[in-house]
There are 2 protein chains.
Amino acid sequence: MGHKPRKEMIAETRAKLVAAARHAFGSVGYAEASMDDFTASAGLTRGALYHHFGDKKGLLQAVIAEIDAEMLARLKIVSARADTLWQGFVDECTAYIEMALEPEIQRIVLRDGPAVLGDPSQWPSQNECIRSMSENLQKLRDEGTIVAVDPEAAARVVSGASLHAAQWIANSDDPEATSKKAVKAFNLLLEGLLKQGRRIGRPQAPAEMDKSPA
Amino acid sequence: MGHKPRKEMIAETRAKLVAAARHAFGSVGYAEASMDDFTASAGLTRGALYHHFGDKKGLLQAVIAEIDAEMLARLKIVSARADTLWQGFVDECTAYIEMALEPEIQRIVLRDGPAVLGDPSQWPSQNECIRSMSENLQKLRDEGTIVAVDPEAAARVVSGASLHAAQWIANSDDPEATSKKAVKAFNLLLEGLLKQGRRIGRPQAPAEMDKSPA
DNA sequence: AGTTTGACATACGCTCCGTATGTCATTATT
DNA sequence: AATAATGACATACGGAGCGTATGTCAAACT
């Protein structure tokens, strides 16, 4: 039985390192994660890490890139199966909030990432989720659903809002109740983007997710 | 010539440590700031630091509390001199964005703080700015200007939006242009909170800051 | 005056990171 | 096919930084 080809072994090593780091970063945080420890847990040493990723930051970048790609894929699925563009956009935002509730994403991508690598808007992965959101907003603008606004600008403030909503929910004593309040407030903000008259009347009671404008 | 009373000397020492740490954290970041270095720059040693603040995190907390207090004071001034509650709220948000552009605030409070101390919503200083914003929103709701929404929820998503707007602006190649786009998008979101009909008609051209509803 | 308290400095050990070097298998060369 | 060269890792070493344990000295107390 032949050994696996070289390329595969290398890819496997990289994958093992990324997986081990992802677990360590996600559970104890970047600063507390010992390189000796988590490389050992992958059956390797720091030698491999420095060889493949240059340094600890480089590995964090790789981990974030991986998570970011997964997030993007999930978001695409969500927005693709909506009936209208607006509904897809709203659904995508909601999904974004839900993803930001996951501890791994919150810790690695949303907290340690910016602290270690600087502002996400400068990342090479360019926060793919923002791009996706921008594209949707661009279409909504062309379609005439939302007012004239810079798509990227809107995408950034919206993602900021959803991100904080998620963090608030995640750290809340009663995530269920908090989630309802946060999502409602968030949806109100989103409606600020809609053109005059497209906004539907809202009952005072906790409303269902708004149906998209025809 | 008498030496200063004991209490004053101690307070002075604490202040010197906080000031030195604030400068170090703000310029090179929390992780890169050497305790030996910045305590020495204050004419002290780590002994004083551990005595007064327990550890490096404790000092970061003190620094953030100080900055937070300053931010709150500035925001109160801004909102106090507005003609209407809504205008005050909008002004306060704008001021929040502008403050978030300051490197020291951005780095210490918005990036390193959450990474080291966890989610700001759990901080003892409780993010005083959020509280202030919540109070304003509560009044706006009582007044009937905005729709029924949980004030804290709205405050959190709004601060998240403004924060990301600020980071985007701060790291932009052309802060002037980016600022215009970001603030416009942000103001649109804010209008989502207004009651039906209170929303003013918006021209397509980059609008001035909206005048408050009567 | 003697005792106690507490504000700070000094000293020590430990962990962790980055680099420099070594080793062995795979690939390229002739 | 034999040798050279590359590259994927492991090992070894040095340095920095942090936390703690201990020491010192002045101020407050009795």
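On a predicted model such as this, the values are computed, not experimentally measured, just so you know. To find a chain, count down the sequence lines: A is the first, B the second, and so on, and within it residues start at 1. We use all heavy atoms of the structure for the numbers below, so side chains are in, but hydrogens, waters and symmetry mates are not.
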Fill in the blank from the handout: Residues passing the side-chain contact (heavy atoms from CB on, under 4.5 Å) test with Arg22(B), sequence neighbours excluded, are Val63(B), Glu66(B), Ile67(B), Glu70(B), Glu104(B), Ile108(B)
Exercise for the section: Considering only NZ, NE, NH1 and NH2 on the basic side and carboxylate oxygens on the acidic side, decide whether Glu32(B) and Arg107(B) come within less than 4.0 Å. Expected result: no
Problem - salt bridge (charged side-chain N to carboxylate O under 4.0 Å, His left out) partners of residues 123-143 of chain A, not counting sequence neighbours, each pair once - result: none
Handout entry: Residue pairs fulfilling salt bridge (charged side-chain N to carboxylate O under 4.0 Å, His left out) with at least one residue in residues 39-60 of chain B, sequence neighbours excluded
Key = Asp36(B)-Arg46(B)
Practice task
Dot-bracket notation for DNA chain C is requested: 5' to 3', Watson-Crick or G-U wobble pairs only, both distances under 3.5 Å, with ( ), [ ], | and . as defined.
Solution key: ||||||||||||||||||||||||||||||
Fill in the blank from the handout: Residues passing the side chain to side chain donor-acceptor pair (under 3.5 Å) test with Ser121(B), sequence neighbours excluded, are Asp119(B)
Practice task
Under 4.0 Å from any atom of DNA chain C, heavy atoms only: list the residues of residues 13-24 of chain A that qualify, in numerical order.
Solution key: none
Handout entry: Whole-Å gap separating P (dA8(D)) and CG (Leu44(A))
Key = 13 Å
Problem - Positions of residues 25-37 of chain B (non-hydrogen atom under 4.0 Å from DNA chain C), listed by number - result: none
Handout entry: Selection residues 167-179 of chain A - residue pairs positive for salt bridge (charged side-chain N to carboxylate O under 4.0 Å, His left out), sequence neighbours left out
Key = none
Exercise for the section: Could you verify whether a donor N or O on one side chain and an acceptor N or O on the other, from Asn187(B) and Glu191(B), lie under 3.5 Å apart? Expected result: no
Exercise for the section: Would you please name every residue forming a ring-ring contact (aromatic ring centres under 6.0 Å, His included) with Tyr96(A), sequence neighbours left out? Expected result: none
Exercise for the section: Kindly assign one of parallel, tilted or perpendicular to the pair Phe25(B) and Tyr30(B), based on the angle between their ring planes and the thresholds 30° and 60°. Expected result: tilted
Exercise for the section: Kindly determine whether Lys184(A) and Asp150(B) satisfy salt bridge (Lys or Arg N to Asp or Glu O under 4.0 Å), including the steps that lead there. Expected result: CA-CA 9 Å; Lys184(A) 187 184 179 192; Asp150(B) 184 77; over 6 Å; no
Exercise for the section: Please answer whether the main-chain N or O of Gly118(B) pairs with a side-chain N or O of Trp123(B) as donor and acceptor at a distance below 3.5 Å. Expected result: yes
Problem - Contact list for DNA chain D against residues 46-61 of chain A - heavy-atom distance below 4.0 Å - result: Arg46(A), Gly47(A), Ala48(A), His51(A), His52(A)
Practice task
Let me know the distance between CD1 of Ile10(B) and P of dA27(D), rounded to the nearest Å.
Solution key: 11 Å
Fill in the blank from the handout: Quick note, salt bridge (charged side-chain N to carboxylate O under 4.0 Å, His left out) partners involving residues 151-164 of chain A, not counting sequence neighbours, are Glu152(A)-Arg156(A)
Problem - By salt bridge (charged side-chain N to carboxylate O under 4.0 Å, His left out) - contacts of Glu98(B) (at least two apart) - result: none
